[in-house]
Amino acid sequence: MKILICLSNVPDTTTKAKFVNDNTAFDTTGIQWIINPWDELALTRAIELKSDAANSIENITVITVGEKDAEPTMRKALAIGADDAVRIDAEPTDAYFVAAQIAEYLKSNPFDLIFNGIESADYNGSAVGGMLAEFLNIPSVSAVSAVNIENGQVKIKRDIDGGTEEVSSELPVVAIAQKGIAKEPMIAAMRGIMMARKKPLNVVAPVEIEALTGIVNFELPQPKPPCKMIEPDNVKELVNLLQNEAKVI
Amino acid sequence: MSVLVFTENWDGKFKKMSFELVSYASKIAEMLNIQTVALSIGDVQEDELKKLGNYAADKIISVNNDKLKNLDNQAYTSVIAQVAEKEGAKVVIIAHNNTGKALAPRLSVKLKAGLGAGVSKLPLSLDPFTIFKKVYSGKAYSNLVIKSDIKILTLAQNSFEFEENIKSPAIESFEPALSDDLFKTTVSNVQKQTGKILLIDAEIVVSGGRGMKSGDNWSPIEELADLLGAATACSRPVSDEGWRPHEEHTGQTGKIIAPNLYIAAGISGAIQHLAGISSSKCIVAINTDKDAPIFEAADYGIIGDTAKVLPDFIQAVKEMK
Ligand SMILES: Cc1cc2nc3c(=O)[nH]c(=O)nc-3n(C[C@H](O)[C@H](O)[C@H](O)COP(=O)(O)OP(=O)(O)OC[C@H]3O[C@@H](n4cnc5c(N)ncnc54)[C@H](O)[C@@H]3O)c2cc1C
Ligand SMILES: Cc1cc2nc3c(=O)[nH]c(=O)nc-3n(C[C@H](O)[C@H](O)[C@H](O)COP(=O)(O)OP(=O)(O)OC[C@H]3O[C@@H](n4cnc5c(N)ncnc54)[C@H](O)[C@@H]3O)c2cc1C
């Protein structure tokens, strides 16, 4: 079985968003780039699955649609334990564009189990995984909180609104990962970091595809009015305000 | 031509979210001067279907087929696409929840329709079709243009003030073409939470952080939640420690919620926590540290010990009633 992880290169989650060029572009000055947290957990789960020989996992590949500046993040994935990496050399203009590029690559390079994260920490689209599956005409399971392999069969647990379900699927399948897929993200060991330099990172040319959306500009949230402080021995007043001012209880 | 809205039912009943969606769709239909068509998949009685008319649906299409008992993303997408085609949908509205996030992207490819994910307002303009959405987990917003002929929008929960506008829509049943090769997944072992108010549905949420000191100290949070008809939630370390179940974890890597009232007790307000709760209409913070970042996000704050403030809170709510 071959596993693919779609990897999004995003600003560290503590980043304060700032914009340049008349608020049309994200200000990348001083930004720490990380593997999107969900993709990191999916990679962790893939490595756990591979470590059990009974699962017969030949290979774990990570793929990113991005420019050269995404490579350090991809190397991190190799250091954690992916076997190889593929970068589709294009500016990721929207989710449709990204999914179409990956789909195109997969037509000649098939995988069995394809992981995506539920949401990117930058554009919050929750889109690439489902789009990819539809491009390839293969099943997708979303809100996935566990993946196991039993006798070569992929067993998935997913969240539904107000519960969980177990899903088994034909392969290939796109599993869109969320909380629970792995406990803690795996950290690269020194040996992994050394080895990552020698692992293949293949750069492939993009195909011609037009994005369906375009960002006009960004806005920062309106500053919130200052918090109204209430004395700790006067909680009655808080309840009064919630009832009569905010009108929320 | 129409605006098509995909509604969801739970055991044959619509939740508030579906009415919100229909109302939102009808406003866009009004802007475009076309009809609002609501699609329901599942076994829903006519009386219940009619309720969608209370939020200005002009027509209701009901698909009730045993093959669609469980959510298969590929099959459901095909059904929505068939209805969209039949009804000449220009815009398709879907919830930005688990089901919506599973279906909308597939539909986007199927209809070659650009997706605006997690919108919270009506489109800012129709030509170009410009929407407003959250990016960077709520740290910023973007104005996004959708260039395709058909557009898909997923609506963030509890973000749109919906209103009654009673119509008496025609109800039509529809038999979609469902070839076997659409069904590549099998569902088993469905577990549903019962009895409790679900975090994603709750209008009020009472949440505790590491400042609660131990899982054994949760009874005031539960009591306050009960009194207010609220759901309970927690920060990530609290669920990591096993003090509370994982379903309660809110934030960037947990549930993203937008209740009318969020009460944060002993939560510092880390940026990743705020990413999950900052769309709440009103935030109350209780924290011993006056410099805790939660006070920057909060509307009302008390600098104090949860062990004392929460019991007083409970008492005050009891007296209010
Ligand atoms: C200069 C620039 C301009 C941009 N302009 C736009 C724009 O106009 N409109 C717009 O929507 N976005 C734009 N983007 C954002 C970028 O294209 C996003 O990667 C893309 O939109 C997908 O984001 P999403 O939030 O939909 O991803 P999601 O669907 O939320 O991501 C979920 C999962 O999909 C996978 N994934 C996401 N992105 C990638 C990727 N690049 N490579 C591999 N796997 C991935 C990961 O598994 C991730 O966990 C721009 C980015 C840049 C750098
Ligand atoms: C990639 C990533 C993703 C993350 N995702 C999430 C997420 O989804 N959700 C999340 O919550 N966190 C997330 N985190 C963790 C986050 O950074 C914080 O560590 C976490 O939110 C802190 O939880 P807390 O507020 O409960 O605890 P603390 O930060 O320890 O805060 C406890 C607070 O309680 C106060 N306190 C102490 N005693 C009392 C008392 N007796 N009465 C009143 N107040 C008291 C203290 O002053 C303090 O402010 C993430 C981190 C990373 C790196």
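In what follows, chains carry the letters A, B, and so on, assigned in the order in which the sequence lines appear, proteins first and then strands, with residues in each chain numbered from 1. Excluded from the calculations below are hydrogen atoms, water molecules and symmetry mates; all remaining heavy atoms, backbone and side chain alike, are included.
- Neither the backbone nor the side chain of B:T288 comes within contact range of chain A, judged by heavy atoms closer than 4.5 Å.
- For chain B, the nearby parts of A:E219 are the backbone and the side chain; heavy atoms of each come within less than 4.5 Å.
- Looking only at heavy-atom pairs under 4.5 Å with chain B, the residue among A:P223, A:S145, A:A133 that has the most is A:A133.
- Interface remark: A:K224 contributes side-chain atoms only to the contact with chain B (heavy atom separation under 4.5 Å).
- Residue A:K16 qualifies as open at atom NZ: its count of foreign heavy atoms under 6.0 Å is 12 or below.
- Only the side chain of A:E119 comes within contact range of chain B, with at least one heavy atom under 4.5 Å from a heavy atom of that chain.
- In this structure, the portion of B:L198 lying under 4.5 Å from any heavy atom of chain A is its side chain and not its backbone.
- Looking at B:I204, only its side chain comes within 4.5 Å of chain A, counting heavy atoms on both sides.
- A:L41 does not touch chain B: none of its heavy atoms, backbone or side chain, sits under 4.5 Å away.
- Among the candidates B:Q252, B:E203, B:E247, the residue making the largest number of heavy-atom pairs closer than 4.5 Å to chain A is B:Q252.
- Of the listed residues (A:V248, A:D122, A:I215, A:T15), the greatest number of heavy-atom pairs within a distance under 4.5 Å of chain B belongs to A:D122.
- Counting all heavy atoms, side chain and backbone alike, A:T213 lies closest to B:L115 at CG2-O, 3.8 Å.
- Only the backbone of B:A113 comes within contact range of chain A, with at least one heavy atom under 4.5 Å from a heavy atom of that chain.
- B:Q191 CD to A:E165 CD: the interatomic distance, rounded to the nearest 0.5 Å, is 10.5 Å.
- Counted within 6.0 Å of NZ on A:K2, heavy atoms from surrounding residues, nucleotides or ligands total more than 12; the atom is thus considered enclosed.
- Only the side chain of B:I271 comes within less than 4.5 Å of a heavy atom of chain A; its backbone N, CA, C and O stay farther away.
- Among B:V187, B:T99, B:L182, the residue making the largest number of heavy-atom pairs under 4.5 Å with chain A is B:V187.
- Shown here is A:K157, whose NZ atom has no more than 12 heavy atoms of other residues, nucleotides or ligands within 6.0 Å.
- The aromatic rings of A:F26 and A:F19 sit perpendicular to each other, their planes meeting at more than 60°, with 30° as the lower class boundary.
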In sequence, state the C-alpha distance, the side-chain angles, and the governing distance for A:L113 and A:V147, and then conclude on side chain to side chain contact (heavy atoms under 4.5 Å, CB included).
CA-CA 10 Å; A:L113 174 57; A:V147 170; 4.2 Å; yes
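- Between B:Q74 and B:T185 the shortest side-chain heavy-atom distance does not fall below 4.5 Å.
- Of the atoms belonging to B:F129, not a single heavy atom falls under 4.5 Å from chain A.
- Contact count versus chain B (heavy atoms, under 4.5 Å) is highest, among A:V235, A:L242, A:L220, A:V128, for A:V235.
- Only the side chain of A:L238 comes within contact range of chain B, judged by heavy atoms closer than 4.5 Å.
- Contact record, A:I160 with B:K192: CD1-CE, 4.1 Å, taken as the closest heavy-atom pair.
- Side-chain N or O atoms of A:T44 include one that pairs as donor or acceptor with a backbone N or O of A:M186 at under 3.5 Å.
- Counting heavy atoms from C-beta outward, B:M320 and B:L227 have side chains that stay 4.5 Å or more apart.
- Ranked by heavy-atom pairs under 4.5 Å with chain A, the first of B:S137, B:S108, B:G114 is B:S137.
- A:S142 and A:I118 get closest at one heavy-atom pair: OG-CD1, 3.6 Å.
- Ring pair B:Y136/A:Y123 is tilted by interplanar angle, where 30° to 60° counts as tilted.
- Of the listed residues (A:A95, A:P226, A:A143, A:A127), the greatest number of heavy-atom pairs within a distance under 4.5 Å of chain B belongs to A:A127.
- No part of A:N23 comes within reach of chain B, as not one of its non-hydrogen atoms sits under 4.5 angstrom from that chain.
- Residue contact with chain A, scored on non-hydrogen atoms closer than 4.5 Å, is absent for B:S278.
- In terms of heavy-atom pairs under 4.5 Å with chain A, the best-connected choice from B:R106, B:K151, B:H246 is B:R106.
- In this structure, chain B has a heavy atom under 4.5 Å from the side chain of A:P37, while its backbone stays farther away.
- For A:Y96, the part sitting under 4.5 Å from any heavy atom of chain B is the side chain, from C-beta outward, and nothing else.
- The shortest distance between side-chain heavy atoms of B:T250 and B:Y262 falls below 4.5 Å.
- Both the backbone and the side chain of B:A298 come within contact range of chain A, judged by heavy atoms closer than 4.5 Å.
- The choice from B:L71, B:I200, B:L107 that makes the most heavy-atom pairs within less than 4.5 Å of chain A is B:L71.
- A salt bridge does not link A:E210 to B:K147: none of the charged side-chain nitrogens sits closer than 4.0 Å to a carboxylate oxygen.
- Ranked by heavy-atom pairs under 4.5 Å with chain B, the list A:R158, A:K18, A:E231 is led by A:R158.
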Taking it one step at a time, do B:M17 and B:Q157 satisfy side chain to side chain contact (heavy atoms under 4.5 Å, CB included)?
CA-CA 7 Å; B:M17 183 72 198; B:Q157 61 180 58; 3.9 Å; yes
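- For the set A:A100, A:C227, A:G130, A:A246, the entry with the most heavy-atom pairs within less than 4.5 Å of chain B is A:C227.
- Heavy atoms of B:K112 lying under 4.5 Å from chain A belong to its backbone as well as its side chain.
- Heavy atoms closer than 4.5 Å to chain B are found in the side chain of A:P11, but not in its backbone.
- Counting heavy atoms from C-beta on, the side chains of A:N148 and A:R45 come closer than 4.5 Å.
- Residues A:F97 and A:V65 have side chains in contact (heavy-atom distance under 4.5 Å, counting atoms from C-beta outward).
- For B:A75, no part sits under 4.5 Å from any heavy atom of chain A, backbone or side chain.
- Annotation: maximal heavy-atom pairing with chain A below 4.5 Å, among B:A285, B:S188, B:G304, B:P128, occurs at B:S188.
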